[in-house]
Participant: 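After the structure tokens below, expect a handful of questions from me.
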Protein chains: 2
Amino acid sequence: MNRANLRDVAERAGVSVRTVSNVVNAPEVVAPATRERVQRVIEEVGYRPNIAARQLRRGRGDVIGLVVPEIDSPYFAELAAHVVRAAEELGWTVLVEQTDGDPARERDLLDGARGHGVDGVVFSPWALTPAEVSRRAGAPPVVMLGEQAGFGHVDRVAIDNQAAAREATAHLVATGRRRIAAVGLQPHLSNETARHRLAGYREALAAGGLSPDAALEVPVDRLHHADGARATESLLSLPEPPDAIFCFTDQLALGALRACADRGLRVPDDVALVGFDDIEAGRYSVPALTTVAPDKQRLAELALTTLGERMADRSLPGRDLVVPHRLVVRESAPV
Amino acid sequence: MNRANLRDVAERAGVSVRTVSNVVNAPEVVAPATRERVQRVIEEVGYRPNIAARQLRRGRGDVIGLVVPEIDSPYFAELAAHVVRAAEELGWTVLVEQTDGDPARERDLLDGARGHGVDGVVFSPWALTPAEVSRRAGAPPVVMLGEQAGFGHVDRVAIDNQAAAREATAHLVATGRRRIAAVGLQPHLSNETARHRLAGYREALAAGGLSPDAALEVPVDRLHHADGARATESLLSLPEPPDAIFCFTDQLALGALRACADRGLRVPDDVALVGFDDIEAGRYSVPALTTVAPDKQRLAELALTTLGERMADRSLPGRDLVVPHRLVVRESAPV
DNA sequence: ACGTCGCATTGCAACGTTGCAAACTGGGTA
DNA sequence: TACCCAGTTTGCAACGTTGCAATGCGACGT
């Protein structure tokens, strides 16, 4: 027995196909008696609308793509959870794709999340620039997450990374740290996020009367625990090691925490640590991480409403929306 | 200008619609000259196949659903990453749904991942039993993850939770612990996983000549850090506190770690900790977690190949597949 | 009794694609 | 010359749904 379709239901209920469709999509226009009868048959035969057919006919499928570097990084996982929830609110379903930080994959996936007919894409870029994103014809609308200036017909939603990094660093300055390192530069990528965080860090140093030291600005390859640990080890081996480290993500910071412990250094006594992202694990680490908390829920919601607006009118100019953040002071860099 | 379709390309290239379709789907049957000409037009107009139409015609869309309690729990996030990767290998895309541990939502989502026309579902149940899963008509095939006996035409893929829990507990016994607590019971759920882990825990206690103590078996509501911390606090307040805690997930264990620190207890000196899942954060915590490591990649791959087989033949009996695991001994419960 | 109005229901066509089978092409063979 | 064959290309129909416009029908007003 195949899956039941509208015609099967219609025949069994003694009405036209169109009426069954109406019962499913606009019950109020169908007479109560008919509606109930049809409804009963629908349940009897276990009818489920064929989404493909509906999508083909309606021209949209209420599915959006979420393209992220890696879904298992806590930040992206938490973001995805918010996106999925917000999408459901809007009647959409989310198709997840991972780029693994590969620019070529980013490009491919953007072309309609591997062509899987999504109505729109929420894109968290690793290496692709808005310019590249905007010059794709016939592809679904895109909202970019992260610090990339809006461009063409592409919208952008992000926190003010530069200000956030400035605040984080300023907090370290204000609590008496003098040799403050930054971990998380990604000079090999065209991604702007790290650049903005670095700029904010330098601003805060300057404002605090501290001179920048290239040896304290450590690039990383990826943003995993291991990278943070590695970078921290090298910092701690310096002739003049830092007394504070600002990590561009919490994952890096947790790796740094581990590296400090391995060296027998106490955090925050010997080295203060500040992270970025406010992931759950950082709230329970020992010591708990001081970090920049982006409003992830707002970020997800705003991204989706923006995407919705662009789906409705693709000719809108690219917008640049800012989501609030706050510095959460915990044990790794206390007051 | 609307999205180009086969007909647009066909007209521009001076061939039939069918030939364009062939160029896209079976280039080898088209004469090289024609193929190249059509290919050029395809690129010119930026043609992308309409997935909905293809799906409607072919009867499948190469999209599977992944239904999990919460995508932002590290274990599920890591699992999802593996599933997405393995799915891509097979030419599938993954649609993610969260149940938030709500049985009603689990039921709804299973009915075709909210009806979104998926060809199959990988389902990590929280409360639903295979019996409930198997009696859904016209719904896509399902593979269940976790310790639930296979049932009807539903397949199951999991590690041997009972054996794993036994090994974990036995390790604590072997290293001289005598009051070993278990954190993570979920008596309010029909989910079998916690039950099996509890059984394994008790077996190991018995094998080590230790008598079970109801006060040391602590139920939790969810499996977050907070639940682990809370449970641990209550354990440490006992007149006879435990000298080891076996947490049913790493997240619980990280919460426990935090609670121990708050009490001024040293891990593993005062209390040994063992977790479950081998999430990345547990490899970098201080101390690093001893834990049960399921082979998540294998789990994901096996789930998908199994799902594929069931899509091909839905009349297969329900299978029960076991994925290997191993105990990873780290600092929180050393040798 | 007739026309009209509003509600309920209906038939037709089309969304873009692919399976199927038929049709065409040119060259080789009997 | 007639025929066949392999290699290409084509037309038609159908997948299941919904937008549109039209129809049927009973009730109401005149």
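Per chain, numbering begins at 1; letters A, B, ... match sequence-line order. Any value given below was found using the heavy atoms of this structure, including those in side chains, with hydrogens, waters and symmetry copies removed. Note that the coordinates shown come from a computational prediction; the quantities given were computed from them, not determined experimentally.
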Participant: Output yes when at least one side-chain N/O atom of Thr34(B) is less than 4.0 Å from OP1 or OP2 of dT9(D), else no.
Facilitator: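 Checking dT9(D) against Thr34(B), a side-chain N or O does come within under 4.0 Å of OP1 or OP2.
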Participant: Validate the cation-pi geometry between Arg105(A) and Trp126(A): distance from NZ or CZ to the six-membered ring centre under 6.0 Å, angle to the ring axis within 45°.
Facilitator: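 So Arg105(A) doesn't make the cation-pi contact.
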Participant: With respect to the side chain of Ser16(B), which nucleotide from dT9(C), dT10(D), dT10(C) is positioned closest?
Facilitator: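 Minimum distance to the Ser16(B) side chain belongs to dT10(D).
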Participant: Looking only at heavy atoms, which two atoms of Pro49(A) and Arg3(A) are closest? And how far apart?
Facilitator: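 Closest pair (atom of Pro49(A), atom of Arg3(A), distance): O-NH2, 3.8 Å.
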Participant: Classify the side-chain pair Asn22(B)/Arg18(B) by whether it contains a donor and acceptor separated by less than 3.5 Å.
Facilitator: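 Present: a donor and an acceptor within the cut-off.
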Participant: Out of curiosity, Glu70(A) CD to Thr99(A) OG1, how far, rounded to the nearest 0.5 Å?
Facilitator: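 The OG1 atom of Thr99(A) is 8.0 Å from CD of Glu70(A), to the nearest 0.5 Å.
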Participant: Within the 4.0 Å limit for protein heavy atoms, which parts of nucleotides 15-21 of chain D are touched? Write it as a string from 5' to 3', B for base, S for sugar-phosphate only, - for none.
Facilitator: BBBBBB-
Participant: Does a side-chain N or O from Thr19(A) land closer than 4.0 Å to OP1 or OP2 of dT10(C), or not?
Facilitator: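 True: Thr19(A) side-chain N/O within range (under 4.0 Å) of dT10(C) OP1/OP2.
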Participant: Please check if the side chain of Asp119(A) supplies one atom and the backbone of Asp62(A) the other of a donor-acceptor pair under 3.5 Å.
Facilitator: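 Yes; at least one donor-acceptor contact below 3.5 Å.
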